[in-house]
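Below, chains carry the letters A, B, ... as their sequence lines are ordered, and counting in each starts from 1.
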There are 2 protein chains.
Amino acid sequence: MSTQTRAPLSRDRLLSTAAALADAEGLGAVTMRRLAAEVGVEAMSLYHHLPGKSGLLDSLAERVIEEIAAEVAAAGPAPQDWREDVRRRCLLARSVMLRHPWAPGLVSSRTEVPVAAYAHFEALVDSMVRGGLSYHLAHRALHALGSMALGYVSEIFSPAAAGGSTDTEAAEEQLAAMADVFPQITAMVAAELHDHNDPVLGWCDSQSEFEFTLDLLLDGLDRLRSDA
Amino acid sequence: MSTQTRAPLSRDRLLSTAAALADAEGLGAVTMRRLAAEVGVEAMSLYHHLPGKSGLLDSLAERVIEEIAAEVAAAGPAPQDWREDVRRRCLLARSVMLRHPWAPGLVSSRTEVPVAAYAHFEALVDSMVRGGLSYHLAHRALHALGSMALGYVSEIFSPAAAGGSTDTEAAEEQLAAMADVFPQITAMVAAELHDHNDPVLGWCDSQSEFEFTLDLLLDGLDRLRSDA
DNA sequence: ACCTGAACACCGTTCAAGT
DNA sequence: ACCTGAACACCGTTCAAGT
């Protein structure tokens with residue numbers, strides 16, 4: 001189809017083509033061989049620009065999150081009210097997911113959290129903390145809202161993701177590296193680590209997060225009962 | 001491994017083996033060839049008991065929902081308080097999902113909602129309506145809580161799922177067939193159809209559902225603010 | 001540096017053939 | 001009725017070879 005076979009093969013062009021292919025025919029249609037054909041080349045050529053199928057999918061997940069960031073940037077300055085800001089960000093995230101129905105499944109199937117997501121989290125935490133939420137509450141909000149937009153966000157910052165070791169030292173190091181770029185996230189993690197220093201479990205107790213969100217919903221429903 | 005090669009190949013045994021295989025090595029390990037090998041037979045023999053790979057996965061999704069039902073049954077009589085009942089059901093659903101980490105992804109990747117899920121929905125709606133929630137609110141609750149337990153429940157009762165036609169007639173027929181088995185769900189759908197008879201869109205306006213859940217969470221977070 | 005052909009070890013599935 | 005071998009059209013990936 002492409003009369004533009006002249007365009008040089010690049011990582012970025014491959015990712016765009018892969019995303020378009022997934023939009024049109026589903027994520028199942030994105031195979032190395034098919035993607036190569038779509039761009040007028042043999043399957044093996046892709047390995048010069050991508051580290052393999054799994055890396056392709058990781059990059060694709062990253063791309064979706066970046067698309068959300070672009071959407072947020074295009075929406076203009078953030079509302080000063082934290083609720084409005086958070087609400088708008090969630091709705092924009094959803095609108096992107098609707099454009100790419102394969103995206104939620106892809107993101108939640110990957111073990112690694114897309115790095116672009118951290119900027120998104122930082123903005124959310126910043127907004128919420130300025131709005132009067134504690135770091136603890138902001139953390140829970142991240143899980144509650146994240147599970148809405150993505151389907152599931154099991155463990156946002158797993159120590160295991162950074163390296164093999166599960167000890168607190170590794171977590172502290174990770175923290176220091178993030179401090180400059182993501183100050184609010186760092187403060188949040190530090191506050192949580194300080195409160196309950198449980199080195200064995202990951203510091204995201206997903207059972208607690210689940211129950212928190214569940215009770216938030218049940219409280220809300222109770223308040224809306226007709227006979228209340 | 002199986003010294004029990006004597007056991008006759010049956011649909012049920014295949015599904016059990018497939019579930020165990022997914023538990024042990026992930027859903028990716030569940031291939032027709034591997035499943036066959038696991039049970040001491042050639043891949044092609046599976047087609048005598050299963051309609052193919054896609055059917056296998058559908059049945060596997062069904063099985064997980066049935067496991068939740070069994071868990072609920074084992075937990076004894078339902079609490080009379082609607083909140084306690086709904087809460088317990090959600091937590092039990094989650095505990096099953098934790099046993100089968102592949103399950104949420106599988107269920108949400110299937111286009112069809114497992115039929116066993118309707119009994120689950122019926123019980124939830126019944127509990128909530130008795131608790132004073134309107135059918136409308138119960139419907140929204142189903143979406144909000146469903147997205148928690150499964151990651152996502154896009155369209156619970158799509159008219160398209162029943163057949164090709166999207167008109168209200170087909171929906172009415174579907175309704176009549178369900179009335180005996182699932183009276184509360186039927187009443188809920190009837191109430192919703194009556195309120196806003198929008199025959200073009202599916203009656204689950206997922207954008208509205210999303211915003212409803214989002215606002216429920218934001219309201220709850222606002223109420224928990226430290227400076228409130 | 002970038003692309004390729006042939007090859008390897010996998011998929012799901014069909015079909016004619018065995019018992 | 002149930003199982004199988006060979007075959008087909010696919011996968012992702014490696015590797016030596018081309019330019």
Exercise. Please confirm whether the backbone N or O of B/G55 pairs with a side-chain atom of B/S59, one donor and one acceptor, at under 3.5 Å?
Key: yes
Quiz prompt | Test item: A/M32 and A/L56 side chains (from C-beta on) under 4.5 Å apart, heavy atoms | solution = yes
Quiz item: Within the distance-only criterion (no hydrogens, no angle test), does the side chain of A/R110 pair as donor or acceptor with the backbone N or O of A/S54 below 3.5 angstrom?
Solution: yes
Quiz prompt | Stem segments of DNA chain C by first residue number [Watson-Crick or G-U, under 3.5 Å, at least 3] | solution = C:4-8 with D:12-16, C:12-16 with D:4-8
Quiz item: Between residues 49-62 of chain B and DNA chain C, which residues have a heavy-atom gap below 4.0 Å?
Solution: B/G52, B/K53
Quiz prompt | Contact letters for nucleotides 14-19 of chain C, in which S counts primed atoms plus P, OP1 and OP2 and B counts the base, heavy atoms under 4.0 Å | solution = B-----
Practice problem: Would you check if A/L98 and B/Q207 make a side-chain contact, meaning some heavy-atom pair closer than 4.5 Å? | Solution: yes
Quiz item: Quick one, which residues of residues 18-32 of chain B touch DNA chain C with a heavy atom under 4.0 Å?
Solution: B/T31, B/M32
Self-check item: d(CZ, A/R34; C1', D/dA9) in whole Å
Solution: 15 Å
Quiz item: Hey, does the side chain of A/E192 reach the backbone of A/Y135 with a donor-acceptor pair shorter than 3.5 angstrom?
Solution: no
Quiz prompt | Interatomic distance where CG belongs to A/L35 and C1' belongs to D/dT13 [whole Å] | solution = 15 Å
Practice problem: Quick one: list whatever passes ring pair (Phe, Tyr, Trp, His ring centres under 6.0 Å) with B/H100, sequence neighbours left out. | Solution: B/W102
Quiz item: If you look at every heavy atom in B/L145 and B/V86, which pair is closest and at what distance?
Solution: CD1-CG1, 3.5 Å
Exercise. Could you check A/A43 against A/R33 and say which one's nearest nucleotide on DNA chain C is further toward the 5' end?
Key: A/A43
Quiz prompt | Phosphate-side-chain proximity, B/S45 and D/dC2, N/O vs OP1/OP2 below 4.0 Å | solution = no
Self-check item: For A/R34, side-chain contact (heavy atoms from CB on, under 4.5 Å) partners two or more places apart
Solution: A/L21, A/E25, A/A29, A/T31, A/E38
Quiz prompt | B/R11 CZ to D/dC2 P, straight-line distance once rounded to whole Å | solution = 14 Å
Quiz item: Can you find a donor-acceptor pair, distance only, under 3.5 Å between A/H48 side chain and C/dC2 base?
Solution: no
Exercise. First locate atom SG of A/C90, then atom CG of B/L214, and finally report the distance between them rounded to the nearest 0.5 Å.
Key: 5.0 Å
Exercise. Enter the distance from B/D12:CG to B/H49:NE2 here, rounded to the nearest 0.5 Å.
Key: 11.5 Å
Practice problem: Spell out, as yes or no, whether a donor-acceptor pair under 3.5 Å connects the side chain of B/E71 to the backbone of B/A93. | Solution: no
Quiz item: Do the non-hydrogen side-chain atoms of B/V96 and B/R99 ever get within less than 4.5 Å of each other?
Solution: yes
Quiz prompt | Flag, side chain of A/S127 to backbone of A/L124, donor-acceptor distance under 3.5 Å | solution = no
